[in-house]
Visitor: 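Below you'll find the structure I mean.
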Amino acid sequence: MQTTIETDIKQVETMNKQISKKAIDAIISELTEGCQIFAPVVQDGIKLYKQIESPEQINWGHGNCHRSLKELFFPITEPVFSFRQTRKGIQIETPGNHNKKRVVIGARPCDCNALSITDKVFKWDYEDELYLSFRENTLIIGVSCIQPEPFCFCTALNLSPFDETGSDILLTETGKGIYHANIITEKGVALFERFKEHFTEASPDQSARKDAMLKDIVSKMPAPFPMQDIKTWLDKNFDHPVWEEIALGCIGCGTCTYLCPTCHCFDITDESRGYAGERLRNWDSCAFGHFTQMPAHQPRPLQWQRFRQRVMHKFKYYIDRFSRLACVGCGRCRSLCPAGKDTVEVIQTLQKQIDLAETGPKTNKKG
Amino acid sequence: MKKIKDKPQESEDLLLEKDRLWQPRIVAFLCNWCSYAGADLAGTSRIKYNPQIRIIRVPCSGRVNPLFILRAFIDGADGVLVSGCHPGDCHYSTGNYFARRKFALLKRLIEFCGMDERRIHFSWVSAAEGSKWSQVVNDVVNAVYQAGPFTGFDLPVFSKETEIETPADLCKQGPERFAYSIDLMSRTGKK
Amino acid sequence: MMDDLKTRLKEMLTSGAIGMVIGYGQKEIYMADGSREYRTCPVFLSRDTEIDRLVWNRHCVQNLVTYLTKEEYKESGKIALMVKPCDLKAIHVLEQEKQIDRKRLFIIGLTCKGVMAEKMGIDEGHLAGKCIKCLDSSGKSSAVCTPDEADIVIETLPDGDMPPKGKDISSDLEGFEKMPSEKRWAFWQNQFLKCLRCYACRSACPMCYCEQCICDMSRPQWIDKSPHLKGNFLFHIVRAFHLTGRCVGCGECERVCPMGIPLMLINQKMIDTVKDLYGYESGKDPEQAPLLSQFKMDDDQSFIK
Amino acid sequence: MNHLYKPTLMKIEQIKEETSDVKTFRLVFLDPLLKETFQFKAGQFAEISVFGEGEATFCIASSPTWHGFIECSVKRAGKVTQALHQMDVGDTVGFRGPYGNHFPVEEMRKKDLVFVAGGIGLAPLRSLIWNCLYSRDQFGKITILYGARSVADLVYKEELKTWETRHDTYFIKTVDPGGETNDWDGKIGFVPLVMRDLDINPQNAYAIVCGPPVMIKFTVQGLDAMGFSPEKIITTLEMKMKCGLGKCGRCNIGHTYVCKDGPVFSFAEIQAMPAEF
């Protein structure tokens, strides 16, 4: 199957505005009434998206959050419903916290972009209301990456540190305390209309400066990988001996999948005490052996098979199904892998295999 | 989940009433051969003791997996008591010696984590010590009563006032992720 | 010395005396600013041409003993393993628990002068907490520990000056124990709330080799699988208890935790407790009986009514 | 809020003990409207939950032509199935479904059908067999080959007798060597071997296979040798599932989700998949 990789989904014509840091704080203060605000907060030595009460709590630093934005829409653990055995039978109650209006501020473009990827799977055929109601009720104000982290590689996947996909409004710090604001979606426009007085028209030199900054950052970051070629190679090489080699060292923890902004696998379990209990949806990881363990059968008994599943899922299966790469290059898996496994290295190894297949002797391919 | 058969459910009012007059819930793991018989003796001898104790009979104190104790707390116990034969009296000759090591370590471990020491108790009660049993129970109930309801697994409420001070290095209000200079990069030794 | 080793390993690989070398190597990695860095990570070498990749430096932090009990490496024939003196203790525990066959193992002992502290993928710029104790107790001016049970010993020390010592874990522990119990509980609540249950601690731990972990069991399900406070608390306390008398203090669990939970605090506490109560040191001797399958008549029972 | 993961409630109306570890549950919707209107197709599966224990995936083993109830056969293997086995008539379970694709009944019309099943693998085929027998005249010759490890492991014993005595079905039963009893009147031997001796004409026929992976593998080889084209060999796959909706991400084989694109696949489709099942 030959499918092409889409990279960008354009929404409405974007508006270019400008806003000061002070005005942003004012907007947030006003929004805290009637809205839940989430923003990067540093606590206990780690940076996470957390609910805040005032704009001072926001950490505007350049680093990305340790855990990705997905946890606000697809929580680590989330009650699907609670049940209670009564004399009238079993009563089921579904959670009621999904309709609150929420605003996320300070999300990185890679995280926002990842949501447009997970949207696909949660909307596919059956619509997952738990995830989608959170999505619908949340407005996302992204902040462009003007200082990529050491392990970032979004440009290698044809994405940009100023990517607009997934954000409703994208802020870019073009000067001290001055943000260039792209109003991208209808939700963004609605917010803009409400706080019109805080925004000013973006001056041409601001826009020019933004473009120059982007150019400067991208020039340093890794050049795009031929993901289409890699996809073609993956189509044919499920049984290639290189897989066993690539996965060497993987200790089988779930760090990469849990930190990944696009990994969306979950488990459903029940927990109960006495006459009542809850059914919970928890994150799960394809790196775990028990992920696919059936009573008498295990399709992926070895770690390298599970590793292959993850790579294949990101760079082939997802493209086949949803025409998107399931990787945004946020670099979390690279930086925090306990055994120093590196997604970029995996891509490079596959690239080497392509070169080998073209020049060297043919490898044993599956028909 | 349990199935409701004939037992009527506690009404909301009753629960509220109970809440007001809080009584500790204590789970006791008793060895079949000594402590359980001791408790039996206390019963047949008409010795009165506090009724807040829920007894689970186990074959030997060595059977008590530390997990049982922890699970009891998770499932809402306010205190736990484990009781077995005196050293040397074990029906299986050495079960309680092994248990003794486990309990000593478990006690240290969960107290280190911050569990109130008044909530976890161990005792040796023989089949002949009905009165000791009643004394132990009364002591345990009193201790747990002093400690109050166990709320350790309720979600903590964070605010500026309750912020936890910890020794400096434990929980550095760390730098942002990767906001370190690139030459300090992890695990690198330049070639 | 390293060259001798490499020649020997090459010979052994070609002759088939060993099937795989698990050691430390360096790989080039792409950085976002366009530079190339070298990252020290475990390498798995089964061809003699690759042996030159082996390195020994202060960034060789990971405890490679973990791989010995993983299914994927059991079929590789005899394994040559680079082992730091502290990692050797882990091998002892595995031997004691009959998990590995010493005959299937060729130990490349390293002479160590301490490795760097690492947390959440970041080099903290000073020596690891576990190293400080190790260096002091050796009593040697050069602060060197030498493995005593290796098949071959690399006597070369890692290059470079001694990095700053950093803080010893015992002093952290002391400070922590001075806190009132409510504060301690609140501290762990705070920490365990962050836990994702990615099980990196479990996967990286050389002692966590169970084919089915108690956390994955469903009948009976003692430990809630959901990463909420109760489940996380139970998981970490149970894990700490399962490591009591077995943990050798390699610090891998804390190093790999992506949420930066200071797990070694609990483990070090238990190491100290075990030593204090029973004079037992795990990994000291592969022949000694495991802590919890032995007892003494006069074990402490002051806490029992 | 109503959402995908919220089950509807069903009552256990009847429990039949098939073997020592397999029970067949007859379930009825509590909602009278749903009871009347519920429809599914042979081969589809459902998520059945025991509240407090969890959810598990089961194929619907009753025929779509039977109304008012569904049946599921449950082999005791894990937490949920254990809990199900402990339930009584009148207890409530949760139900989500039907999910997945179904057997191509329309294409099978006017064709000869060969059913090959092993052990509990008869459950999904039972649904289809009764579906076909309901409108018997629309199908050609129907051959049913059913095998189990031992006589005690045969499921649906009464229905086996019905099929055996019916004149419009050709029914063969077999047990693995060593599993027979003194009064066993069927064949003795592994399913793929027994199948070899049968009079099967691959022309204008469909073979539907379900059972343990080993049996499927050799049966399919046998069918292939007989001259069945891979498109005409149909089987249902079993993978671990949690959601049944293509979200939870564990049942995929390559980019195929067993819960959405399956569980019914032709052998031709399976050949195109990576070998990871």
Side-chain angles (χ1 to χ4, degrees), chain B residues 65-68 70-71 74 83 87-88 94 97-98 100-117 121-125 132 135-136 139-140 152-156 158 162 164-171 174-175 177-178 180 182 184-191, chain C residues 26 31 33 35 37-41 55 57-59 61 118 120-123 125 167 172 175-177 179 181-190 193 214 222 229-230 233-234 237-238 240-241 244-245 260 262 265-266 269-270 273-274 277-278 291-293 295 297 299-301 303-305:
Chain B
N65 189 326
L67 207 50
F68 297 179
L70 295 168
R71 191 70 226 183
I74 293 265
S83 189
T94 53
Y97 286 116
F98 291 112
R100 189 167 63 182
R101 280 205 163 185
K102 280 191 276 186
F103 299 153
L105 292 167
L106 180 76
K107 195 172 159 69
R108 294 254 185 141
L109 172 59
I110 62 175
E111 280 173 20
F112 172 76
C113 290
M115 172 81 78
D116 194 327
E117 60 177 2
H121 300 267
F122 302 93
S123 66
W124 301 140
V125 173
K132 180 177 176 186
Q135 189 54 46
V136 166
D139 289 352
V140 169
F153 293 120
D154 297 352
L155 280 185
F158 294 113
T162 58
I164 309 144
E165 296 155 36
T166 39
D169 258 9
L170 276 184
C171 239
R177 195 160 82 104
F178 310 133
Y180 53 95
I182 201 125
L184 257 183
M185 238 278 307
S186 121
R187 286 182 259 192
T188 57
K190 301 221 172 173
K191 251 189 193 163
Chain C
Q26 279 187 323
M31 306 309 293
D33 64 351
S35 65
E37 293 282 338
Y38 292 95
R39 182 186 235 190
T40 307
C41 61
V55 295
N57 60 34
R58 282 192 200 287
H59 301 279
V61 183
E118 233 180 66
M120 286 196 276
I122 299 172
D123 185 335
K167 219 169 173 198
D172 277 347
F176 184 77
E177 286 197 290
M179 283 161 49
S181 68
E182 315 85 71
K183 289 252 167 130
R184 289 205 300 266
W185 189 266
F187 170 81
W188 288 116
Q189 272 189 326
N190 212 347
L193 263 177
I214 188 152
W222 286 110
L229 185 62
K230 285 182 183 183
F233 228 108
L234 198 53
I237 296 183
V238 167
F241 196 79
T244 302
L265 211 54
I266 301 188
K269 166 71 188 171
M270 291 321 282
T273 307
V274 164
L277 282 178
Y278 308 113
L291 174 76
L292 290 178
S293 60
F295 62 85
M297 290 298 180
D299 280 343
D300 170 55
Q301 59 169 12
F303 64 98
I304 301 176
K305 283 194 188 93

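Below, read A as the first sequence line, B as the second, and so on, with proteins coming before strands; counting in each chain starts at 1.
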Visitor: Does the C:Glu177 side chain pair with the main chain of B:Phe112, one donor and one acceptor, at a distance under 3.5 Å?
Guide: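 No; zero donor-acceptor contacts below 3.5 Å.
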Visitor: For residues B:Arg100 and C:Met297, report the shortest heavy-atom separation together with the two atoms involved.
Guide: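 That would be NH2-O, 3.0 Å.
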Visitor: Using the test side chain to side chain donor-acceptor pair (under 3.5 Å), find all partners of B:Arg101 that sit at least two apart in sequence or belong to another chain.
Guide: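 Expected list: C:Asp299.
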Visitor: Excluding sequence neighbours, so at least two apart, what forms side chain to side chain donor-acceptor pair (under 3.5 Å) with B:Lys132?
Guide: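 Here no residue qualifies.
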Visitor: Report which part of C:Lys230 has an atom under 4.5 Å of a heavy atom belonging to chain B: side chain, backbone, both, or neither.
Guide: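 For C:Lys230, backbone and side chain are both near chain B.
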Visitor: Report the distance from atom OG1 of C:Thr244 to atom CZ of B:Arg108, rounding to the nearest 0.5 Å.
Guide: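 Here the rounded value is 12.0 Å.
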Visitor: Would you name the heavy atoms of B:Leu106 and C:Phe241 that are closest together and state the gap between them?
Guide: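 The pair with the smallest heavy-atom distance is N-CE1, 3.5 Å.
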Visitor: Identify which part of C:Trp222 has an atom lying under 4.5 Å from any heavy atom of chain B, answering side chain, backbone, both or neither.
Guide: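 It is both, since atoms from each part get that close.
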Visitor: Between B:Lys102 and chain C, with a heavy-atom cut-off of 4.5 Å, which part of the residue counts as in contact: side chain, backbone, both or neither?
Guide: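 Answer is both: backbone and side chain atoms of B:Lys102 are under 4.5 Å from chain C.
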Visitor: Looking only at heavy atoms, what is the nearest atom pair of C:Leu292 and B:Phe98, with distance?
Guide: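 Heavy-atom minimum between the residues: O-CD2, 3.5 Å.
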Visitor: How are the rings of B:Phe122 and C:Phe303 set to each other: parallel, tilted or perpendicular (split at 30° and 60°)?
Guide: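 Perpendicular.
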Visitor: Please flag which part of B:Asp139 lies under 4.5 Å from any non-hydrogen atom of chain C: side chain, backbone, both or neither.
Guide: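 The answer is the side chain of B:Asp139.
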Visitor: Atom CD1 in C:Ile237, atom CG in B:Leu70: separation rounded to 0.5 Å?
Guide: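 Result: 5.5 Å between the selected atoms.
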Visitor: Mind ranking C:Asp300, C:Ile214, C:Ile266, C:Leu234 by heavy-atom pairs under 4.5 Å with chain B and telling me who comes out on top?
Guide: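 Max contact count across the listed options: C:Leu234.
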Visitor: Classify the angle between the aromatic ring planes of C:Phe233 and B:Phe153 as parallel (below 30°), tilted (30 to 60°) or perpendicular (above 60°).
Guide: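 Correct class here is perpendicular.
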Visitor: Give, as side chain, backbone, both or neither, the part of B:Glu111 having an atom under 4.5 angstrom from any heavy atom of chain C.
Guide: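 Just the backbone, heavy atoms under 4.5 Å.
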Visitor: Should B:Leu105 and C:Tyr278 count as side-chain neighbours, where that means a heavy-atom distance under 4.5 Å?
Guide: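 Heavy-atom side-chain distance check passes, below 4.5 Å.
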Visitor: Could you pull out the closest heavy-atom pair between B:Pro87 and C:Gln301, with the gap in Å?
Guide: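 Result for this residue pair: CG-OE1, 3.4 Å.
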Visitor: With chain B as the partner, which of C:Lys305, C:Met270, C:Glu182, C:Arg58 has the greatest number of non-hydrogen pairs under 4.5 Å?
Guide: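 It is C:Lys305.
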Visitor: For the SG atom of B:Cys113 and the NZ atom of C:Lys269, what is their distance to the nearest 0.5 Å?
Guide: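 Here the interatomic distance stands at 10.0 Å.
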